[in-house]
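Report on the following structure.
The first residue in the sequence is number 1, and the count goes up from there. Atoms within each ligand, like the ligands themselves, are counted from 1 in listed order. Quantities reported herein were computed from a predicted structural model and do not represent experimental measurements.
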Amino acid sequence: MGFKVAVVGATGNVGREMLAALAEREFPCDEVIALASSRSIGRQVSFGEDDILDVQVLDNFDFKGVDIVLSSPGAKVSAAFAPRAAKAGAIVIDNTSQWRMDPDVPLVVPEVNPQAIKGYEKKGIIANPNCSTIQMVVALKPLHDLAKIKRVVVATYQSVSGGGRAAMDELFAQTRSVYVNDPIKPEVLTKQIAFNVIPHIDVFMADGSTKEEWKMAVETRKILDPDIAVTATCVRVPVFIGHAEAVNVEFEQPLSEVQARSALKKAPGVIVVDHRADEGYVTPAEAAGEDAVYVSRIRKDPTVPNGLNLWVVSDNLRKGAALNAVQIAEVLARDYLKSAVAAPARAL
Ligand SMILES: NC(=O)c1ccc[n+]([C@@H]2O[C@H](COP(=O)([O-])OP(=O)(O)OC[C@H]3O[C@@H](n4cnc5c(N)ncnc54)[C@H](OP(=O)(O)O)[C@@H]3O)[C@@H](O)[C@H]2O)c1
């Protein structure tokens, strides 16, 4: 017997990738249930090569008998349904921002802090970090282990798929409008995104930073080390899928480029592409649809005693969301849940 798995937000960008990752990685499911809002009554979603699932409505769904819930319906919806699902006995792996900083909810990137998963026992909920945080901490972890990171300065170049299906549609429609000379009226994002960049993701905080920038700082500390200082500038760019990050890292101890490159090459989930030549680095369009966190442009920052610069790129819907959640489910199934079918021990 395998697991009964429910995917909440199954019609969305992240939910569809969750279904794809479950099928591709052959997660041992006996039954998969697709849940979304009442807007999706009558819709179907595909699962794997052959299966079609009827979408069911979350509001009145009974989670009794469900082992694992992969969730991405937005923070407010998660606040309402996740405790209900956990009370019914399911373990919720949640992609929204709702539970990430709850001290009783572990915030997990399996390559970085798999041991934290055990904390699910407190509330029955495990949080998936923000997409920009996930790819950054996967790249930082092997370096932190070598030379202890003191401070990170990061600028992000985040694709519109991070804002959901509606933001992708807006980039498509605005791009067309530019070519046919139609007026542009931003509706989902705050300003024109076609042929433009917007230094504003999520709401503004009292100190002038945005909540996306705050998330990168507090989540990195919760996952990797509470002593790391992080300052971020998060920018939406006219790319459909794939986030890029220019990351400047300051270490406590010296760490050469050679040592960093060698550690990153051995790190789980990381692929180093760094040839210092045309095409010798990875861009978001090339990372879309892939599982890895790509690290390029590894070089010394000569302006501080122990500094390095990196270019980090990954598919925000896969490693930044769905894949990370399915990897958490794999560790959970393998190390914490009893099933007659052994969960696959996939390489991270
Ligand atoms: N995109 C990313 O890179 C990324 C990364 C990490 C985390 N996240 C988080 O994941 C969540 C979803 O992101 P997304 O990109 O998949 O958004 P999306 O494409 O807009 O999809 C939203 C999904 O949530 C469902 N939903 C909305 N309201 C609901 C309700 N009241 N009850 C049940 N289901 C409801 C939608 O169902 P309907 O089709 O029925 O409306 C849809 O399936 C967000 O919280 C986001 O912050 C996204």
Checking heavy atoms under 4.0 Å, the part of S97 that sits near ligand 1 is neither
Looking only at N/O atoms, are G163 and ligand 1 under 3.5 Å apart anywhere? no
Does the plane of the ring in F195 sit parallel, tilted or perpendicular to the ring in Y179? Use 30° and 60° as the thresholds. perpendicular
Subset of ligand 1 atoms that lie under 4.0 Å from at least one heavy atom of T96: 45 (O)
Within a radius of less than 6.0 Å around CD of Q253, do more than 12 heavy atoms belonging to other residues, nucleotides or ligands occur? yes
What is the nearest protein non-hydrogen atom to atom 17 (O) of ligand 1, stated with its residue, atom name and distance? G164 CA, 3.7 Å
Does the side chain of S177 pick up a donor-acceptor pair with the side chain of Q174 at under 3.5 Å? no
For a ring-ring contact (aromatic ring centres under 6.0 Å, His included) check, start with the C-alpha distance between F81 and F61, then their side-chain angles and the critical distance, and finish with the verdict. CA-CA 10 Å; F81 101 84; F61 182 77; 9.7 Å; no
Specify the protein heavy atom at minimum distance from atom 27 (C) of ligand 1: its residue, its atom name, and the distance to 0.1 Å. R39 NH2, 3.5 Å
Taking atom 21 (O) of ligand 1 as the point of reference, which of S38, G12, G74 owns the nearest heavy atom? G12
NZ/NE/NH1/NH2 to OD/OE distance under 4.0 Å, K319 and D315: no
The protein heavy atom nearest to atom 26 (N) of ligand 1 is P73 O, 3.9 Å
What protein heavy atom sits nearest atom 3 (O) of ligand 1, and how far away is it? N316 ND2, 3.1 Å
How far is atom 10 (O) of ligand 1 from its nearest protein heavy atom, and which residue and atom name does that atom have? S72 CB, 3.7 Å
Where on S161 is there a heavy atom closer than 4.0 Å to ligand 1, on the side chain, on the backbone, on both, or on neither? backbone
Which bit of T11 gets closer than 4.0 Å to ligand 1, counting heavy atoms only: side chain, backbone, both or neither? both
Tell me which protein heavy atom sits closest to atom 9 (C) of ligand 1, plus the residue, atom name and distance to 0.1 Å. N95 O, 3.6 Å
So, T133 and E219: side-chain donor and acceptor under 3.5 Å apart, yes or no? yes
Please list the nearest protein heavy atom to atom 5 (C) of ligand 1 with its residue and the distance rounded to 0.1 Å. A321 CB, 3.6 Å
Report the residue from V295, I298, L308 that forms a side-chain contact (heavy atoms from CB on, under 4.5 Å) with R261. I298
For atom 19 (O) of ligand 1, find the nearest protein heavy atom and state the residue, atom name and distance (0.1 Å precision). N13 N, 2.9 Å
Please say whether V14 places an N or O atom under 3.5 Å from an N or O atom belonging to ligand 1. yes
